[in-house]
Chemist: 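For reference, the structure I am asking about is given below.
Counting from 1, the numbers follow the sequence of the chain as shown.
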Amino acid sequence: MRLNQNILLLGKKVALVPYTSEHVPRYHEWMKSEELQRLTASEPLTLEQEYEMQRSWRDDADKCTFIVLDAEKRQAQPGPSEESCMAGDVNLFLTDPGDPSLGEIEVMIAEPSCRGQGLGTEAVLMMLLYGVTRLGLTKFEAKIGQGNEPSIRMFRKLHFEQVAVSSVFQEVTLRLMMSEPERQWLLEQTSHVQEKPYREGTSEPY
């Protein structure tokens, strides 16, 4: 999705930036992990296939992807390179053409040292905010492997409710309806989030 190609969302623990070609090598290294392949139901790709996937995610109107950066590492490091502070990614898929108000949300904290610190929680909250305020979404779903208890607990903590279980795909579906009280709760949870130009005055490496 090109809508977010020059947007930086800055929170307390994470910064969300567009997925660009410079992030691909680190992402490719992550996805060699059999654990991450299992948790994300992904097949291993070659590096060239990973670059093709990045380009397709950038161009597809029904996919919104941000790379999750560790905000503390990002602030501490000099220079523009982001590879060393990458923590994972967060995605919204607008996969139901009959319901443009529905988005499927995914988050992956791939860097082991970044897990268990609330980065995934803040990344999801920031992506929900973006979906509501920029994409006009009012319903969100998360499909999570039945064995991924930490992720299921996190989404439940963020007011998602379980609506389905698939024994075939071994996944649970959780849903959040963005009622007015939920919208106000989300705005309170994300009142600290700042939106800035991603790389002002520079040409983005796509």
Chemist: Any heavy-atom pair between the side chains of Glu111 and Met86 that's under 4.5 Å?
Modeler: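 No, every pair of side-chain atoms sits at 4.5 Å or beyond.
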Chemist: Taking all non-hydrogen atoms of both residues into account, name the closest pair between Ile7 and Pro18 and its distance.
Modeler: O-CD, 3.2 Å
Chemist: Tell me, with the steps shown, if Arg2 and Asp59 meet side-chain contact (heavy atoms from CB on, under 4.5 Å).
Modeler: CA-CA 6 Å; Arg2 289 185 176 272; Asp59 294 338; 2.9 Å; yes
Chemist: How long is the gap from CD on Gln189 to CG on Leu186, to the nearest 0.5 Å?
Modeler: 8.0 Å
Chemist: May I ask you to test the Glu141-Leu174 pair for a side-chain heavy-atom distance under 4.5 Å?
Modeler: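 Answer no - side chains too far apart.
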Chemist: If you look only at pairs with a residue in residues 151-161, which of them pass as a salt bridge (Lys or Arg N to Asp or Glu O under 4.0 Å), with sequence neighbours excluded?
Modeler: none
Chemist: Tell me, do Lys63 and Asn91 make a side-chain contact under 4.5 Å, heavy atoms counted?
Modeler: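 No - every pair of side-chain heavy atoms lies 4.5 Å or more apart.
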Chemist: Do Tyr51 and Tyr27 sit in one hydrophobic cluster, given that two such residues count as connected whenever their side-chain heavy atoms are within less than 4.5 Å of each other, even indirectly?
Modeler: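 Same hydrophobic cluster.
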Chemist: Any carboxylate oxygen within less than 4.0 angstrom of a Lys/Arg side-chain nitrogen, looking at Arg55 and Glu48?
Modeler: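 So Arg55 pairs with Glu48 through a salt bridge.
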Chemist: Please examine the side chains of Leu158 and Leu176, heavy atoms only from C-beta on, and report whether any two atoms are closer than 4.5 Å.
Modeler: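 No, side chains not in contact.
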Chemist: Write down the atom of Gln5, the atom of Tyr198, and the distance for their closest heavy-atom approach.
Modeler: O-CD2, 4.2 Å
Chemist: Rounded to the nearest 0.5 Å, how far does CD1 of Ile144 lie from CD of Glu171?
Modeler: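 If I round to the nearest 0.5 Å, the distance is 9.5 Å.
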Chemist: Just verifying a value: how many Å separate Ile109 CD1 and Met154 CE, rounded to the nearest 0.5 Å?
Modeler: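 The distance works out to 8.0 Å.
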Chemist: Testing the basics here: between Ala71 and Gly11, what is the closest heavy-atom pair and its distance to 0.1 Å?
Modeler: CB-O, 4.5 Å
Chemist: Is there a side-chain contact between Met53 and Leu45 (heavy atoms, below 4.5 Å)?
Modeler: yes
Chemist: Looking at every heavy atom in both Gln162 and Val165, which two are closest together, and how far apart are they?
Modeler: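 So the minimum-distance heavy-atom pair works out to NE2-CG2, 3.1 Å.
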Chemist: Quick check: do Leu16 and Val68 have side-chain heavy atoms less than 4.5 Å from each other?
Modeler: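 Contact flag for Leu16/Val68 side chains = yes.
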Chemist: Mark yes or no for whether Asn4, through its side chain, and Cys64, through its backbone, hold a donor-acceptor pair below 3.5 Å.
Modeler: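 Flag not set: sc Asn4 to bb Cys64 has no pair under 3.5 Å.
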Chemist: Could you state the interatomic distance from CG (Leu92) to CG (Asp62), rounded to the nearest 0.5 Å?
Modeler: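 Interatomic distance, Leu92 CG to Asp62 CG, rounded to 0.5 Å: 11.0 Å.
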Chemist: With side chains defined as the heavy atoms from C-beta onward, is the minimum distance between Phe93 and Trp57 less than 4.5 Å?
Modeler: yes
Chemist: Using the ring-ring contact (aromatic ring centres under 6.0 Å, His included) criterion, which residues pair with His159? Sequence neighbours excluded.
Modeler: Trp185
Chemist: Quick one: do Arg26 and Glu29 make a salt bridge, cutoff under 4.0 Å?
Modeler: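 Looking at Arg26 and Glu29, the cut-off is not met.
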Chemist: Any donor and acceptor pair, going by atom type alone, linking the side chain of Asp70 with main-chain N or O of Lys73 inside 3.5 Å?
Modeler: yes
Chemist: Name each donor-acceptor pair under 3.5 Å that joins a side chain in residues 127-140 to protein atoms two or more places apart or in another chain, with its distance.
Modeler:
from, atom 1, to, atom 2, distance (Å)
Thr133, OG1, Leu129, O, 2.7
Arg134, NH2, Glu195, OE1, 3.4
Arg134, NH2, Glu195, OE2, 2.3
Lys139, NZ, Asp99, OD2, 3.1
Lys139, NZ, Ser101, OG, 2.8

Chemist: Would His23 and Gln54 satisfy side chain to side chain donor-acceptor pair (under 3.5 Å), going step by step from the backbone distance to the final call?
Modeler: CA-CA 9 Å; His23 301 122; Gln54 180 268 327; over 6 Å; no
Chemist: Rounded to the nearest 0.5 Å, what separation is found between the CE atom of Met126 and the CG atom of Leu10?
Modeler: 6.5 Å
Chemist: Check this for me: does any side-chain nitrogen of one of Lys13 and Glu122 sit under 4.0 Å from a carboxylate oxygen of the other?
Modeler: no
Chemist: Heavy-atom count check: over 12 atoms from other residues, nucleotides or ligands less than 6.0 Å from Gln146 CD?
Modeler: yes
Chemist: Would you compute the distance between atom OH of Tyr19 and atom CZ of Phe66 and round it to the nearest 0.5 angstrom?
Modeler: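 Here the rounded value is 14.5 Å.
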Chemist: Hey, does the side chain of Gln49 reach the backbone of Thr46 with a donor-acceptor pair shorter than 3.5 angstrom?
Modeler: yes
Chemist: Heavy-atom distance under 4.5 Å between the side chains of Glu83 and Pro25, does that happen here?
Modeler: yes
Chemist: Does Arg115 reach the main-chain N or O of Ala110 with its side chain, forming a donor-acceptor pair under 3.5 Å?
Modeler: yes
Chemist: Please answer: with hydrophobic residues joined when any side-chain heavy atoms are less than 4.5 Å apart, are Phe169 and Phe160 in the same cluster?
Modeler: no
Chemist: Can you give me the closest heavy-atom contact between Ser191 and Glu188, atom names plus distance?
Modeler: OG-O, 3.3 Å
Chemist: Under 4.5 Å between side-chain heavy atoms, counting indirect links through other Ile/Leu/Val/Met/Phe/Trp/Tyr residues: same cluster for Leu47 and Ile67 or not?
Modeler: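 Yes, it is one cluster - the side chains of Leu47 and Ile67 are joined through contacts under 4.5 Å.
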Chemist: Does the side chain to side chain donor-acceptor pair (under 3.5 Å) test come out yes or no for Glu180 and Gln184, once each step is laid out?
Modeler: CA-CA 6 Å; Glu180 189 54 33; Gln184 289 305 316; 2.8 Å; yes
